[in-house]
Visitor: 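Encoded as structure tokens, here's the structure I'll be asking about.
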Amino acid sequence: MLVAVLALQGDFAEHEAVFKRLDVPTCQLRQKRDLEQHFDALILPGGESTVQGKLLRDLDMFEPLRNRIRDGLPVMATCAGSILLARQLLDDPAVHFGTMGISVRRNAYGRQLSSFHTTGTFAGLKDVPMSFIRAPQIEFCLPGVEVLAEHDGRITAVRQGKQLAMTFHPELSGDTRIAAYFLSEML
Amino acid sequence: MRKMNQEIRRVANMAADELYEAAKQLQVPFDLLLYVHRNGKLPVVNFAAGGVATPADAALMMMLGAEGVFVGSGIFKSGDPAKRAAAIVKAVTNYQDSRMLAELSSGLGEAMVGINPDEIRLIMEERAI
């Protein structure tokens, strides 16, 4: 099994470290040629979604990856990654992959000072550490999208088929349970 | 960059009881040093900045172990800032691909010209009041 991590921008190194702890091999996707190898799952890391979206298009990786996601490639997206998957952005006319039936507001919690760390329940897993760093918010879900976590009445993690998206960063805590959930439930 | 990463490796390789003394000598919080010891990296992005004028400069810094590159005048004092900025961003993402670097490096217009120390007219200390 090989997990591919989109490594154009953002915290891809932290995601790779999580899978290393789980003894799962990873590869980095940095250019179109990297998409030729076989991989079983895709990680869209946190970072800055506009930069990621622009680089995906400039490096001709956008369409092949979108097609792979549409065809059922298991994908886990955190923070900016969830913005890439959203079908609609509430304060931005841009749409990136648009493969997931969610409407997302970018930077919904305010300035950097409002970034915070908490623990919560994720799909029945208790006390999962969650870091919200200038996090987006999932405001609406279409039917078929299952809510896996909430914080203060706000949706923070969702699943639709083989796509898993969350607005926080599970990769920063050292807790590997969400990555393990992704591997066991969605691959 | 080499020196920084050398020092980070030195901290990472210390025995636990050496960390207290090292924190005192470096005059940094113990928790910060402990983080570097455990993770082999800084808790923030290790940016390279200053004097980066070409995609190759940026890629070189990444090769040397930078986690990001910050470019200011290298872009804005060049002939075609938008094109050069886009090329440098791609060079950082794909710093290990020499063929792509060569392509990115062509047709960028004029690069920023460095200033030799003896050519600097305005001395910073004279500007201060």
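Within every chain, numbering begins at 1; the chains are lettered A, B, ... in the order of the sequence lines, protein sequences first and strands thereafter.
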Visitor: Do A:L125 and A:F182 sit in one hydrophobic cluster, given that two such residues count as connected whenever their side-chain heavy atoms are within less than 4.5 Å of each other, even indirectly?
Guide: yes
Visitor: Any residues in residues 35-57 of chain B near chain A, with a heavy-atom distance under 4.5 Å, and which are they?
Guide: B:K41
Visitor: Identify which one of A:R134, A:Q9, A:R106 satisfies the side-chain hydrogen bond (donor to acceptor under 3.5 Å, both in side chains) criterion when paired with A:E48.
Guide: A:R106
Visitor: To the nearest 0.5 Å, what is the distance between CG on A:D71 and NZ on A:K162?
Guide: 13.5 Å
Visitor: Decide whether A:Q52 and A:S49 meet the rule of one side-chain donor and one side-chain acceptor closer than 3.5 Å.
Guide: no
Visitor: Regarding A:R33 and A:E36, does a basic nitrogen lie under 4.0 Å from an acidic carboxylate oxygen?
Guide: no
Visitor: Decide, yes or no, whether a salt bridge links A:R154 with A:D152 under the criterion of side-chain N to carboxylate O below 4.0 Å.
Guide: no
Visitor: At a 4.5 Å cut-off on heavy atoms, which part of A:A13 comes close to chain B: side chain, backbone, both, or neither?
Guide: neither
Visitor: What part of A:D58 gets closer than 4.5 Å to chain B, counting heavy atoms only: side chain, backbone, both or neither?
Guide: both
Visitor: Tell me yes or no: between the side chains of A:H15 and A:T78, is some donor less than 3.5 Å from an acceptor?
Guide: yes
Visitor: Tell me, side chain or backbone of A:L55 under 4.5 Å from chain B's heavy atoms, or both, or neither?
Guide: side chain
